[in-house]
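Note that this is a predicted model, so its numbers are computed, not measured. Here is the naming used below: chain letters follow the sequence lines, and residue numbers restart at 1 for every chain.
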Number of protein chains: 2
Amino acid sequence: MSKGLTTKDIILKSAFELTSKFGLESLSIGELAKTVGMSKSGLFSHFKSKEKLQMMVMDYAAQSFVDKVVRPAIEKERGIPRIRALMDNWKSWSSSYLPGGCPFLSAIVEFDDRPGKVRDHILNHQSTMIDTFERAVKVAQEEKQLGPSLNTEHIAYEIYSNMIGFHIYNRLLKNKAAEDMFEKTFQTILERSSV
Amino acid sequence: MSKGLTTKDIILKSAFELTSKFGLESLSIGELAKTVGMSKSGLFSHFKSKEKLQMMVMDYAAQSFVDKVVRPAIEKERGIPRIRALMDNWKSWSSSYLPGGCPFLSAIVEFDDRPGKVRDHILNHQSTMIDTFERAVKVAQEEKQLGPSLNTEHIAYEIYSNMIGFHIYNRLLKNKAAEDMFEKTFQTILERSSV
DNA sequence: AGTATTTTAGCACGATCGTTCGGTCAGTCA
DNA sequence: TGACTGACCGAACGATCGTGCTAAAATACT
């Protein structure tokens, strides 16, 4: 492992945290260099454009999501326990590893009218994330814990909407009942879908 | 009505559209001046800081939401038809009057880690919006179209989450089934809540 | 040890940011 | 008619933006 890789990781970790708090567009190279304690140009030479930095930050975020949310969930038993674990892991991920809001959500919102490589990159990651939910639902279906005829894409949509709704209620609105409503809605989705 | 008021409205309309596309932070005074065809300083003198401009843009957005979504819905009969109208009006509002994404959503996401007057302002508007949903649900309850014991705050949460989820699926992910899933989820929320 | 390669800093560039200032021009009212 | 007001512009400010160039410092390799 070369020194460069380590430095790059330190930079990306800081960039990830700044993105969580202020978004991908507000992430500036000068500010980032200041927080990691190196020169603007020294930092810049690791990436070679802001676009590449932004995409690497999203990769870093995706990696973090896979490590802390998806992988531990896959080790749980197939079916509903695995879906349950995805929800739990995601909640602890966003409370323990994100100093601000969800970097995917802000990236989506910021870039949905900015066509280009960064937008496509974000879209890819987000699709993968939703696919993960849908696959977990399908597995529960195979395990006969969920009805055989239900629309798995729709269930994934409802799970996703519930997560985003919770995230906004919890973070911006600071609504005390957010977690409770999130749980109740999640339970309802499952019950309505069970055999 | 003075000339200034008219000009200010033109500016705010443009600012509203730019915000819808690129967010409240990316809204720059120079760019805005260019799109409305006046000088940066001439435009600036109408607001007196970027903060005030941002807050006025949010006011403009809220006014537009009330005019196009809330008020027409209130003219419908009390109860479920009114909730239905809120959903329909909101969908046509975001497709007909927004050149980009929902300005409230982007503002929320951008500012939830930027304490200050702008953040508080956004929070106020968003709370009002959610209150509107909750009140419509309560009215349906009074009309005995929805169960007497249900948690109206929770229903408003589910309606809101469904809207945000649809918005993201529809706009960023360009998912063809987005509208269909939105409708099905909305129906489910109502059916589950009816007496 | 000395050489080659990578990593970092320094400096500068053109552009744009929000903001201020001085001034012009039209309209209002005494 | 003359004083005053408000809308608007052009120029400029200090700061910061992303991005190059060059050279020094640090590291890896022989």
Can you check the [X] [atom1] to [N] [atom2] distance for me, whole Å?
{"X": "B:Lys8", "N": "D:dC8", "atom1": "NZ", "atom2": "C1'", "answer": "15 Å"}
{"X": "B:Met38", "N": "D:dC8", "atom1": "CE", "atom2": "P", "answer": "5 Å"}
{"X": "A:Leu32", "N": "D:dG18", "atom1": "CG", "atom2": "C1'", "answer": "13 Å"}
{"X": "A:Asp9", "N": "C:dT7", "atom1": "CG", "atom2": "C1'", "answer": "15 Å"}
{"X": "B:His46", "N": "D:dG6", "atom1": "NE2", "atom2": "P", "answer": "13 Å"}
{"X": "B:Leu43", "N": "D:dC8", "atom1": "CG", "atom2": "P", "answer": "9 Å"}

Grab the N/O contacts between the protein and nucleotides 17-20 of chain C below 3.5 Å, and write none if there aren't any.
unit_1	atom_1	unit_2	atom_2	d
C:dC17	OP1	B:Ser28	OG	2.5
C:dG18	OP1	B:Lys50	NZ	2.9
C:dG18	OP2	B:Ile29	N	3.0
C:dG18	N7	B:Lys40	NZ	3.1
C:dG18	O6	B:Lys40	NZ	3.2
C:dT19	OP2	B:Lys50	N	2.7

Worksheet item: A:Tyr160: what forms a ring pair (Phe, Tyr, Trp, His ring centres under 6.0 Å) with it, not counting sequence neighbours?
Response: B:Tyr169
Worksheet item: With sequence neighbours left out, what residues match A:Phe16 under ring pair (Phe, Tyr, Trp, His ring centres under 6.0 Å)?
Response: A:Tyr60
Item to complete: Give a yes/no on whether any side-chain N or O of A:Thr7 is located under 4.0 angstrom from OP1 or OP2 of C:dT7.
Response: no
Worksheet item: Below 4.5 Å, heavy atoms only, C-beta onward: do A:Val109 and B:Ile108 meet side chain to side chain?
Response: no
Item to complete: Can you run down the salt bridge (Lys or Arg N to Asp or Glu O under 4.0 Å) pairs that involve residues 21-30 of chain A, sequence neighbours left out, and say none if there aren't any?
Response: A:Glu25-A:Arg114
Worksheet item: What pairs with B:Lys50 under side-chain hydrogen bond (donor to acceptor under 3.5 Å, both in side chains), at least two apart in sequence or on another chain?
Response: none
Worksheet item: In chain order, what residues pass the side-chain contact (heavy atoms from CB on, under 4.5 Å) check against A:Glu142, with sequence neighbours excluded?
Response: A:Arg78
